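Inspection log for the structure reproduced underneath, given as structure tokens.
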Amino acid sequence: MDQISFARPVSTLSATGGERISQAPTLAVDPPYEGLQGTVASDAPVHDAADDLQPPAAAFANRGSVAFGEGSPSNLSVADSSQPLGGNLPYRNSVAPTAAGSAQHLGDSDKEAAVLGDAPRGTSPFPDLGPQSDTADVSKQKRKKLFFILAGVATLAIIAAAVAIPVALTQSKKHSSNSSGSSSSSSGSGNDNGSGQNGGPTSSNPSGTVTGGDGSTITTENGTTFTYVNKFGGTWYEDPNDPFNNNAQAQSWSPPLNQSWDFQTDPMRGVNIGGWLVPEPFIVPALFEPYVNGTPAAHDEWTLSQAMAADTANGGLDQMEKHYQTFITEEDFAQIAAAGLNWIRLPIPFWVVEKYPDEPFLEGVAWKYVLKAFKWARKYGLRINLDLHTIPGSQNGYNHSGKGGQINFLYGPMGLANAQRALDYIRVITEFISQPEYAPVVPIFGIINEPVVTSIGKDQLTSFYLQAHDTIRNITGTGTGKGPFISVHDSFQGLAYWQDLLPGHDRMALDRHPYLIFSNVDRSPLAEQVDKPCTSWASAMNTSWSTFGVSIAGEFSLAINDCGLWINGVGSGTRWEGTFGSGDGEKGDCSTWNDYSSWTQDTKDNFKTFAMSNFDALQHWFFWTWKIGASSITGKVESPMWSYQLGLQEGWIPADPTQATGVCGNNSPATPLSAAMIGGAGAGEISDTVRAASPWPPTELSPDSLNADNVPVYTATGAIPTLAVPTPTSGSADGWFDAADTRPIYTPISGCTYPDAWGSADATNPGPCGGTTGADTTDTADTTTATDDTTDDTTRRRRVRNVIPMPKRTPAP
């Protein structure tokens, strides 16, 4: 076992407060406010400093002031695209992982209705006021007098609104968010946004328009144009003077962003944007192909990053940003809305926040593109299920967790320390997306993708979920509209396995990834498999919706076999061909399944029927994935059963997903969600008994029942990283929602030597460094209140009920 002496700068701050720093890089970005300044691709536009991502305002730069301890072109064919793509999903990589190896809370529907008006869902957000005329018996004199009176009143009202709206927003943001005062929306009204720019809207569009529907022209950030095609009544909206305006609507049947999502009645129909910010070999093969035969051979982002960094002749690790720039663009978001979809699941890596020196990833740069995703989703009326796809040490050993191979999250000697890091990254991301400027765009946060519970342990994972729940709700408060839903994956055990997860929780959601292809091989004809989703998944989804609450299918595809380039991992072969695993004794041919140009109309029709069965059975779903990139060797998409975009283009995915409603018959319908399931009465009331059953840290870790009080840990003395915000901006966004959240983040203890955080699962436990685990795991900033009862809201500590002190795809065989 290698021992790593940490070269990472170690904080020497005392536990009296955390200095909050902006860790996001400053890189050049595109107008109106998505830019970064620094080293970029040679063809990237250069922007003024005003367009840079900025660190937080001075007033928030040092949290130590609050006592702690008391404290691609639009016409390019998808099939022929040469854009680099690549990805191999280790969950699809069926190689088993080495087991040894309040007012201030935007989203409160009642309060939003008071501010924005409660327009009927599916109607235009721009009301028709009708003709305005005077009656015949009113004299011109009276009309003239009335006109001046009304004009004066209107002027006063506008002045008052210009002052009151930004003030209300600022107060709601800066005050301690455990209060339940009135809500203030930062957008959706089209009024002055507090920027001091009252001269009317401007736009990058030549026409000066800020909104449009089907047939309108979109001008992108780099000056290219495309025609917005949306046959479902969708409208886009973008006003540079009002960048947080939420008037856009994906389709007539989906609520615009200025209305709260109704989890009770609104169906989620979405796609993943996989392979973009977390590259995977089978999704973006062209990104990996130059390096799969090198040293190291690229098979996950860890080895890809190492190979790229060594390839200085071709740009080094900056090639990764070139991928970010080209694989997904604004037009993809417009096409997603035009496809009748209303949600996006966006996988992101933890290194959008930070990385440690021994980790080879491109630190922080992906955050620039997360911000672009937020901006484009807002423009086209799409909501985002933000998914933390990678976890320090790896939660599953899959290639899309950062590094394939071992599990080192809540497993092995470094399992707890990695979990401490994960909790901090969850915290930092929550602080950003809970800001009122972003909350309407990100209503769901998936906190950990596909953890392997069979290695980690159910008790251990439940303890982590409780700690993450409390970390998030300490920031957002509890109840409807206060922060995002917290989504957790079923770890491939089925939804029923988690039906008793943390009773009394506040707005948690269960996520399953139903795939057909990673266990037994079914060689029956496609036509005989089209009803499988209805018979296999519909009942379980409805049952979970009735008994647990919000339950979604965060991933699924149209794959009926594991054919496709690198579906099981780089060079791993396939079950269908008998070249992967033990197989079933038969050797099939993948060439037909990989070459969609050879598919007959019957094949396409059967795939379409299969797709509709999936849509109806799963009810609330996110297809994996929107786009598969072409191989740089063949110039073709080699995994067509996984691409929604290609399926739309070629006709095997329905152009209107609502056509799927009812195809399964729904013989066991779900009952309505209870109030507690969606943040009403009873939400957030986790009992002492439940808490006692899931202590933090867990009493022991696998393997070999490691005593969790006797493993290496980090200490909460690090400067707090803050995710950068775009400028110019409006409102009070500074990247940090809760001003009272000042606990320093976990960081290596000065002078300590730690085992390899990514490769020590089977190593001998060296024991703690600097004291026992329990000595460094109390998060008093989140669990105590200020001793001075006269302290105002901005200095009051948050409390979650009975909080415990903290330190915190069908399965692969």
Side-chain angles (χ1 to χ4, degrees), residues 87 89-92 261 263 266-278 280 283 336 341-349 373 377 382-391 395-396 398 400-401 426 429 433 442-453 461 465 468 484-499 501 507-518 533 536-538 540-542 544-545 548-559 611 614-627 642-644 657 809-812:
L89 309 176
Y91 54 62
R92 304 178 187 97
W261 185 264
F263 286 90
D266 296 330
M268 286 177 258
R269 302 183 179 103
V271 287
N272 284 266
I273 303 186
W276 183 28
L277 304 180
V278 182
E280 302 183 29
I283 302 177
I336 289 169
L341 305 174
N342 49 27
W343 279 75
I344 285 169
R345 183 170 178 260
L346 181 65
I348 64 171
L382 299 164
R383 289 168 171 84
I384 290 178
N385 173 0
L386 190 66
D387 184 75
L388 188 56
H389 224 63
T390 72
I391 294 292
Q395 72 277 21
N396 51 35
Y398 302 156
H400 49 74
S401 68
I426 289 169
I429 293 167
I433 65 176
V442 191
I444 299 178
F445 182 18
I447 59 175
I448 177 170
N449 180 64
E450 298 178 345
V452 177
V453 70
L461 197 53
Y465 286 157
F485 264 75
I486 303 167
S487 176
V488 297
H489 183 247
D490 71 354
S491 297
F492 303 119
Q493 301 306 299
L495 296 171
Y497 185 80
W498 297 99
Q499 291 305 295
L501 176 66
R507 288 167 299 136
M508 295 186 76
L510 283 181
D511 175 19
R512 73 177 303 186
H513 299 172
Y515 292 106
L516 293 171
I517 68 171
F518 295 112
S536 301
W537 303 326
M541 293 298 294
N542 284 343
S544 183
W545 191 270
F548 180 86
V550 174
S551 302
I552 62 178
E555 296 182 17
F556 70 100
S557 75
L558 297 189
N614 275 279
F615 297 170
D616 196 43
L618 301 174
Q619 294 290 306
H620 304 275
W621 48 265
F622 298 82
F623 186 93
W624 188 277
T625 182
W626 169 245
K627 177 185 290 187
W642 297 81
S643 175
Y644 201 101
R809 301 171 156 118
T810 296

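Given the structure is predicted, the values throughout are model-derived calculations rather than measurements.
Every residue meeting the side chain to side chain contact (heavy atoms under 4.5 Å, CB included) condition with D511, not counting sequence neighbours, appears here in chain and number order: R345, S487, H489, H513, I552. Applying the side chain to side chain contact (heavy atoms under 4.5 Å, CB included) rule to S557 yields the partners Y515, A559, F623, W642; only residues at least two apart in sequence or on another chain are considered. Every residue two or more places apart in sequence or in another chain that forms a side chain to side chain contact (heavy atoms under 4.5 Å, CB included) with A617 is listed here: P533, A538, C664.
Under a 3.5 Å cut-off, the side chain of S551 and the backbone N or O of M541 do not form any donor-acceptor pair. Between the side chain of H620 and the main chain of M268, a donor-acceptor pair closer than 3.5 Å is present. Not a single donor-acceptor pair under 3.5 Å links the side chain of Q619 to the backbone N or O of W545. E450 places no side-chain N or O within donor-acceptor distance of the main-chain N or O of N396, the cut-off being under 3.5 Å.
Taking the ring centroids of H400 and W276, they lie at or beyond the 6.0 Å cut-off.
Applying side chain to side chain contact (heavy atoms under 4.5 Å, CB included) to V488 and the options L461, N449, L501 leaves one that passes, L501. The ring-ring contact (aromatic ring centres under 6.0 Å, His included) with W343 is formed by just one residue from the set W261, W626, W621; it is W261.
Nearest heavy-atom pair across G270 and L341 is N-CD2, 4.3 Å. Closest of all the heavy-atom pairs between P347 and I273 is CD-O, 3.5 Å. I283 approaches G275 most closely through the heavy-atom pair CD1-N, 3.7 Å. Between N272 and F622, the shortest heavy-atom contact is ND2-O, 3.2 Å. Considering all non-hydrogen atoms of both residues, T625 and G274 come closest at OG1-N, 2.8 Å. Heavy-atom minimum distance, V442 versus P484: O-CB, 3.8 Å.
Between atom OG1 of residue T390 and atom CG of residue D387 there is a gap of 9.5 Å, rounded to the nearest 0.5 Å. Note that the CD1 atom of I486 and the CZ atom of F445 stand 9.0 Å from one another [nearest 0.5 Å]. To the nearest 0.5 Å, atoms CD1 (I348) and CD1 (I429) are separated by 4.0 Å. Note that CG of L382 and CG of L346 are 11.5 Å apart. Values are rounded to the nearest 0.5 Å. Atom-to-atom distance recorded for I344:CD1 and I384:CD1 is 6.0 Å, nearest 0.5 angstrom. Remark: S643 OG to K627 NZ distance equals 8.5 Å, nearest 0.5 Å.
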For Y644 and L558, run side chain to side chain contact (heavy atoms under 4.5 Å, CB included): C-alpha distance rounded to whole Å, both residues' side-chain angles, the deciding distance at 0.1 Å, then the answer. CA-CA 9 Å; Y644 201 101; L558 297 189; over 6 Å; no

V550 and F485: CA distance, side-chain angles, deciding distance, side chain to side chain contact (heavy atoms under 4.5 Å, CB included) verdict: CA-CA 9 Å; V550 174; F485 264 75; 3.6 Å; yes

task = Could you walk me through whether I426 and L388 pass the side chain to side chain contact (heavy atoms under 4.5 Å, CB included) test, one step at a time?
result = CA-CA 8 Å; I426 289 169; L388 188 56; 3.9 Å; yes

* Output, in order, the C-alpha distance, side-chain angles, deciding distance and verdict of side chain to side chain contact (heavy atoms under 4.5 Å, CB included) for V452 and Q395. => CA-CA 7 Å; V452 177; Q395 72 277 21; over 6 Å; no

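Proximity of W498 to S491: side-chain heavy atoms (C-beta onward) are separated by under 4.5 Å at one or more points. The closest side-chain heavy-atom distance from R512 to W537 is below 4.5 Å. Taking the side chain as every heavy atom from C-beta outward, I391 and S401 never approach each other to under 4.5 Å.
In this structure, F556 and F615 have perpendicular ring planes: the angle between them is above 60°, well past the 30° mark.
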